[in-house]
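Reviewing the structure listed below.
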Amino acid sequence: MNFIGEPTEDQLAIKDAVERTCSQFDDEYWRDIDETGEWPEAFTKAMAEGGWLGVAMPEEVGGAGLGLTEASIVMHTVARSGAGFSGASAIHLNIFGPKPLEIFGSEEQRNVHLPKIISGEQKMCFAVTEPNSGLDTSNLESKAEKQPNGDYKLYGRKIWTTGAQRADKILIIARTTPKDQCSKPYLGLSLFYTDFDKVKAGATPIPKMGRKAVECNMLFFDGYEIPKEDLIGEEGQGFKYLLHGLNPERVLFAVEAIGLGQAALAKATQYANERRVFGRAIGQNQGIAHPLAKSWAELEAAELMAYKAASKFDQKLDCGAEANAAKYLGAEAGFKACETAVLSHGGMGYAREYHVERYMREAMLARIAPVSREMILNYISERVLGLPKSY
C-alpha cells in the first residue's frame with residue numbers, strides 16, 4: 001500500500017488468499033481454543049502451507065522476499081478474520097522474529113534454520129524481557145559465561161516468553177561482558193539462537209487474562225549450555241541486532257490490534273442492525289450508532305498510519321516516529337472498538353456466545369506489549385518534538 005492506503009493488485013491477491021485460509025477457522029474454532037488453551041495447530045499448519053510464515057524472508061531460503069507492507073497485510077487480515085491475537089500471536093514471531101538471524105547470522109545459520117522456520121518445521125521462541133528490568137534492556141541480569149572451550153553457560157531468568165512450551169529453538173539475549181566493563185550500558189549483550197529444552201529451562205506458563213492458547217512463560221536458566229556456534233554475529237553486539245526488529249514489531253502489533261478492532265466493530269454493527277428494542281433496531285439510536293461510527297474513524301486513521309510506517313520501512317527510510325505512533329494509535333483504537341462492541345451488545349456482550357468479550361480481553365495485550373503506551377509517548381515527545389528526556 002502507498003501512503004493513502006491503496007493496495008496494489010498483488011497486495012489484494014495476498015489479502016484474498018489469506019482470507020480464504022482464515023475462512024476455514026470460524027468463531028467457534030477460536031472460542032474453543034480460548035477455552036481449552038490448546039495451540040491452534042491446524043491454523044498454523046495451514047498458514048505455513050500457504051507460505052505466509054516466510055512472507056518477509058529472502059527467496060533464497062524459501063521465503064517470498066516481500067516487505068513489511070505485505071507482512072502487515074497478512075497479519076491484519078488474520079486478526080480481522082476473528083482470529084484476533086490468538087491467531088496472530090501464533091505466527092507473529094515467524095514473520096519478523098528471525099530477522100536478526102537473517103541479517104547478522106552466518107551463512108550456515110541462515111541456510112540451516114531459516115527454511116525450517118518458514119516451513120513451520122522449526123518452532124522458535126524469543127526471550128528478552130526479565131522480571132527486574134522490564135523495558136530497560138540495558139539492565140538485563142541474565143549472563144552467558146564463556147567457557148574455556150568457547151561455549152557458554154547461561155544463568156538467569158526471562159519472563160513473558162511466548163510459545164516456549166512447544167518451541168525447539170530459542171532466540172535469547174544475555175550479558176557476556178559485565179556492564180561496568182562496557183563503555184555504554186547497551187554494549188556487552190550477546191544474541192544466541194540455540195536448542196531449547198523447556199525442562200532444563202524450567203519453562204512455566206503464566207496464567208493470564210486472554211489469549212490462553214498462546215501461552216507466555218517464565219524461564220529459569222542455571223548453567224544452561226549454549227554451543228559457541230549458536231552465537232549470532234559478534235559477541236557484545238546483541239542489543240544493536242535487536243534494534244533492527246523493533247519498528248517492524250510495532251507495526252505488526254498495530255495492524256493486529258486494528259484488525260481485531262475491525263472484527264469487533266463488524267460484530268457490533270451486525271448486532272445493532274438485528275437487535276430490536278422498543279420496536280426498532282438499537283442501531284437507530286445515536287447512543288449506539290455514534291460510538292460505532294467513531295470507532296470506524298479511529299480504526300481507519302490508525303490503519304493509514306500503520307501502512308505509512310510499513311511503506312517507509314520498505315523504502316529504507318526512517319520510520320521510528322510513524323511505527324511508534326501506529327502502535328499507539330492502533331492499540332488504543334483497537335481496544336476502544338472492542339470495548340464499544342461489548343457495550344453495544346448490552347448484557348450479551350458479557351457472554352462468550354457473542355465473542356466480543358474475548359476480543360476485548362485480547363485487545364488489552366497491544367496496549368501493554370511489546371512496549372507500553374507511556375514509553376511510546378516518551379519516544380515521540382523526545383525524538384519527534386525535541387522535548388527533554390524524562391527518564
Side-chain angles (χ1 to χ4, degrees), residues 25 29-30 32-49 52-57 71 74-75 78-79 83-102 113-114 116-131 142 154 157-174 191-221 224 230 232 242 245 248-249 252-253 256 260 361-362 364-366 368-370:
F25 307 95
Y29 174 86
W30 296 110
D32 288 347
I33 68 160
D34 181 64
E35 292 177 353
T36 64
E38 294 181 8
W39 183 269
E41 189 66 45
F43 169 74
T44 55
K45 182 179 179 182
M47 292 298 288
E49 289 175 349
W52 303 117
L53 303 190
V55 63
M57 289 288 114
V74 171
M75 300 310 298
V78 166
F85 277 103
S86 292
S89 296
I91 62 172
H92 173 107
L93 185 58
N94 293 77
I95 305 296
F96 264 89
K99 276 295 176 182
L101 185 64
E102 175 204 334
H113 299 302
L114 291 179
K116 294 179 181 179
I117 293 172
I118 292 168
S119 69
E121 176 186 348
Q122 197 172 97
K123 301 171 180 64
M124 65 176 288
C125 60
F126 194 6
V128 178
T129 307
E130 295 182 5
S142 61
L154 177 64
R157 295 181 297 167
K158 296 290 183 180
I159 196 170
W160 299 115
T161 303
T162 299
Q165 293 299 314
R166 66 191 303 273
D168 46 41
K169 290 284 185 178
I170 186 169
L171 182 65
I172 188 167
I173 189 167
L191 198 60
F192 302 89
Y193 187 71
T194 193
D195 290 340
F196 182 66
D197 185 326
K198 68 175 182 288
V199 176
K200 290 182 180 178
T204 305
I206 302 169
K208 59 190 192 304
M209 180 178 183
R211 207 193 63 177
K212 184 178 180 181
V214 183
E215 91 293 335
C216 293
N217 298 265
M218 171 76 82
L219 310 181
F220 179 75
F221 300 96
Y224 192 93
D230 293 345
I232 294 179
L242 283 184
E249 186 179 38
L252 292 180
F253 258 87
E256 290 159 13
L260 179 57
R361 285 186 287 112
E362 291 190 358
M364 276 298 297
L365 177 65
I368 301 168

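Note that the numbering runs from 1 along the sequence shown for the chain.
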Q. Are W160 and I368 close enough that some pair of their side-chain heavy atoms sits under 4.5 Å apart?
A. no
Q.
Less than 4.5 Å apart, side chain to side chain, heavy atoms only: is that true for L365 and S89?
A. yes
**Q.** Residue K45 excluded, over 12 heavy atoms near NZ under 6.0 Å
**A.** no
Q. Do D230 and D195 come within less than 4.5 Å of each other through their side chains, counting heavy atoms only?
A. no
Q: May I ask you to decide if E362's main-chain N or O and R211's side chain share a donor-acceptor pair within less than 3.5 Å?
A: no
Q.
In the structure I gave you, are the side-chain heavy atoms of I170 and M124 within less than 4.5 Å of one another anywhere?
A. no
Q | Residue E38 excluded, over 12 heavy atoms near CD under 6.0 Å | A | no
Q) According to the interplanar angle, ranging from 0 to 90°, do the rings of F196 and Y224 count as parallel (below 30°), tilted (30 to 60°) or perpendicular (above 60°)? A) tilted
Q. At their closest point, which heavy atom of L219 faces which heavy atom of T161, and how far apart are they?
A. CD1-OG1, 3.6 Å
Q | Whether K99 side chain and A56 backbone form a donor-acceptor pair below 3.5 Å | A | yes
Q.
What's the separation between atom OG in S86 and atom NZ in K212, rounded to the nearest 0.5 Å?
A. 11.5 Å
Q | Minimum side-chain heavy-atom gap H92-V78 below 4.5 Å | A | no
Q. So, the side chain of Q165 versus the backbone of A203: is there a donor-acceptor pair under 3.5 Å, distance only?
A. yes
**Q.** Atom pair CZ/CD of F126 and E249 - distance to nearest 0.5 Å
**A.** 7.5 Å
(Q) Nearest 0.5 Å, please: how far is CG in L101 from CG in L114? (A) 4.5 Å
Q | Flag, side chain of E256 to backbone of F85, donor-acceptor distance under 3.5 Å | A | no
Q. Counting N and O atoms only, with roles assigned by atom type, does the side chain of K158 sit under 3.5 Å from a partner on the main chain of I173, one being a donor and the other an acceptor?
A. yes
(Q) Contact between T162 and L93 at the side-chain level, heavy atoms closer than 4.5 Å - yes or no? (A) no
Q. Can you name the nearest heavy-atom pair linking L171 to P100, along with the distance?
A. CD2-CG, 4.4 Å
Q. Hey, does F192 have a side-chain heavy atom less than 4.5 Å from the side chain of L154?
A. no
**Q.** Heavy-atom closest contact (P248 atom, F96 atom, distance)
**A.** CB-CD2, 3.6 Å
(Q) Between P98 and H113, is there a side-chain heavy-atom distance shorter than 4.5 Å? (A) no
